[in-house]
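Report on one structure; see the data block that follows.
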Number of protein chains: 2
Amino acid sequence: MGRWEPNARGRLEKAAMELYGEHGFHQTTVTEIAERAGLTERTFFRHFADKKEVLFSGAASLQELLVQAVDDAPEPLAAIDAVGVALEAVAEAMQERRDFAKWRQAIIAANPDLQERELIKLASLGSALAAALRERGVGETAASLAAESGIAAFRVGFERWIGEAGETRTYRQIMKESLKELKAVTSGRTPPTRTPPARTPRGRERPHAHR
Amino acid sequence: MGRWEPNARGRLEKAAMELYGEHGFHQTTVTEIAERAGLTERTFFRHFADKKEVLFSGAASLQELLVQAVDDAPEPLAAIDAVGVALEAVAEAMQERRDFAKWRQAIIAANPDLQERELIKLASLGSALAAALRERGVGETAASLAAESGIAAFRVGFERWIGEAGETRTYRQIMKESLKELKAVTSGRTPPTRTPPARTPRGRERPHAHR
DNA sequence: CGCAGTGATGGCAGTAGCTGACATCACTCC
DNA sequence: GGAGTGATGTCAGCTACTGCCATCACTGCG
């Protein structure tokens with residue numbers, strides 16, 4: 001046996017998740033996490049860059065999976081379809097962890113700080129995706145646009161998959177349909193503004209006017 | 001004359017911008033900013049939620065402009081084209097501040113914290129855009145997708161407008177072309193992977209494999 | 001004229017995220 | 001058995017950010 005209990009990082013991750021769930025992210029201090037894991041605060045910061053990062057350590061493998069899927073996609077394929085294939089693969093890999101994904105998303109949704117981190121992880125996913133496309137010969141701008149709008153579809157699909165109560169379709173199916181709808185929307189094939197729903201006076205999230 | 005110098009917020013903003021430029025964002029302390037503005041740290045936090053927010057106070061008016069442009073767009077118009085019209089209007093409004101935009105973007109690019117904030121502001125822009133579309137009668141998902149992919153085009157266009165050295169086109173023109181390219185990409189009209197550029201062994205930004 | 005209320009600011013103490021520097025000590029390798 | 005090595009502990013310190021109360025010009029009102 002070693003000098004210390006093994007798997008310090010894992011214990012920290014587990015403790016953090018538990019506490020984030022029990023008391024919320026903001027209310028949980030790093031010292032508490034470390035104590036529950038039988039370690040010190042200093043050690044926590046040796047394993048995770050900051051308090052938020054615990055929730056995002058899985059992003060790296062997701063990115064790897066995504067890029068690999070693009071690389072493995074059959075060659076004569078339009079950029080957007082290569083993106084589609086890759087996103088479907090990722091969706092399938094996430095399928096069995098729906099409960100965890102839902103729980104995790106609830107925590108993120110309750111914290112602006114975590115939302116920021118989530119967005120930058122998705123952006124990083126998008127960059128990697130774009131880079132993978134470029135290596136297939138897709139042009140600079142086209143690669144960026146295909147990747148970023150693909151990520152948009154991914155997000156939209158994710159929310160559906162997790163949000164809708166009676167949702168029976170798999171994430172993969174939903175993902176497929178989101179991409180289809182993306183294509184429809186960007187090609188102008190959208191119910192073009194026929195019967196606006198009662199056009200309320202609108203007290204929306206628009207910022208206050210200054211003039 | 002009042003008890004205090006007028007326009008405290010403006011002075012804080014100016015001092016912060018200067019210091020971020022002189023010493024970098026991270027190296028600048030809030031105390032320094034407040035001192036240069038002839039105020040105290042406590043007052044800084046009464047005007048700005050945090051140190052980052054100083055750089056993003058303009059986002060609100062941008063959002064207002066965007067939403068207004070969607071509202072003012074002619075009625076029988078596909079969702080993606082309403083987005084296009086609105087984004088062009090915003091691009092035009094930014095045209096005269098290119099130097100400032102460039103300078104500001106350089107600071108943001110040098111700081112992950114600021115990039116996170118930038119992303120959440122863009123996401124908020126996207127939500128507002130989607131909401132405006134829904135009020136025109138565009139469906140839930142379609143609105144989200146049109147808005148988010150529109151924002152993607154906005155970002156891509158922005159980087160071009162600011163990045164390319166010999167760029168003579170206006171932001172509006174670039175924006176228009178980005179949207180056009182978005183449509184091309186999502187409709188599958190993309191040079192579909194013909195001659196991959198020398199397929200290097202790739203030591204990219206892909207995370208390390210574990211197996 | 002005086003007086004109570006208001007609003008922007010200062011002062012101060014405190015919390016918590018995060019870092020650098022150094023010590024400790026099991027384990028490994030020679 | 002002695003010199004690394006690597007993961008952890010300890011401690012001091014900085015700084016972002018907050019709560020609470022004091023201050024004091026200005027305003028409106030009797």
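In the text below, chain A, chain B and the rest are named by the order of the sequence lines, each starting its count at 1. Quick caveat: nothing in here was measured; it's all calculated off a predicted structure.
Rounded to a whole Å, the CD atom of A:E41 is 8 Å from the C1' atom of C:dA16. One atom, CZ of B:F44, and another, P of C:dG10, lie 14 Å apart when rounded to the nearest Å. In this entry the distance linking CG of B:D113 with P of C:dC18 reads 9 Å, nearest Å. Distance B:R42 CZ to D:dA22 C1': 14 Å, rounded to the nearest Å. If you measure from atom CD of B:E35 to atom C1' of C:dT9, you get 16 Å, rounded to the nearest angstrom.
Note on residues 98-115 of chain B: pairs passing salt bridge (Lys or Arg N to Asp or Glu O under 4.0 Å), not counting sequence neighbours, are B:R104-B:E118. Applying the salt bridge (Lys or Arg N to Asp or Glu O under 4.0 Å) test to residues at least two apart or on different chains, the pairs with a partner in residues 7-21 of chain B are B:K14-B:E18, B:E18-B:R36. Within the structure, no pair that satisfies the ring pair (Phe, Tyr, Trp, His ring centres under 6.0 Å) test touches residues 90-137 of chain B, not counting sequence neighbours. Pairs engaging residues 144-154 of chain B under the salt bridge (Lys or Arg N to Asp or Glu O under 4.0 Å) rule: A:R155-B:E148 [sequence neighbours left out].
Taking 4.0 Å as the cut-off between side-chain N and carboxylate O, B:R169 and B:E177 count as a salt-bridged pair. The pair B:K52-A:E116 meets the salt-bridge criterion, since a charged nitrogen lies less than 4.0 angstrom from a carboxylate oxygen. A salt bridge does not link B:D71 to B:R136: none of the charged side-chain nitrogens sits closer than 4.0 Å to a carboxylate oxygen.
A heavy atom closer than 4.0 Å to some atom of DNA chain C occurs in B:R46, B:H47, these being the qualifying members of residues 45-54 of chain B. Contacts between residues 10-34 of chain B and DNA chain D, defined by a heavy-atom separation below 4.0 Å, involve B:T28, B:T29, B:V30, listed by number.
A close approach under 4.0 Å does occur between a side-chain nitrogen or oxygen of B:T43 and OP1 or OP2 of C:dG10.
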> What do the steps show when you test B:F56 against B:F48 for ring pair (Phe, Tyr, Trp, His ring centres under 6.0 Å), and what is the final call?
Replying inline: CA-CA 10 Å; B:F56 298 91; B:F48 300 96; over 10 Å; no
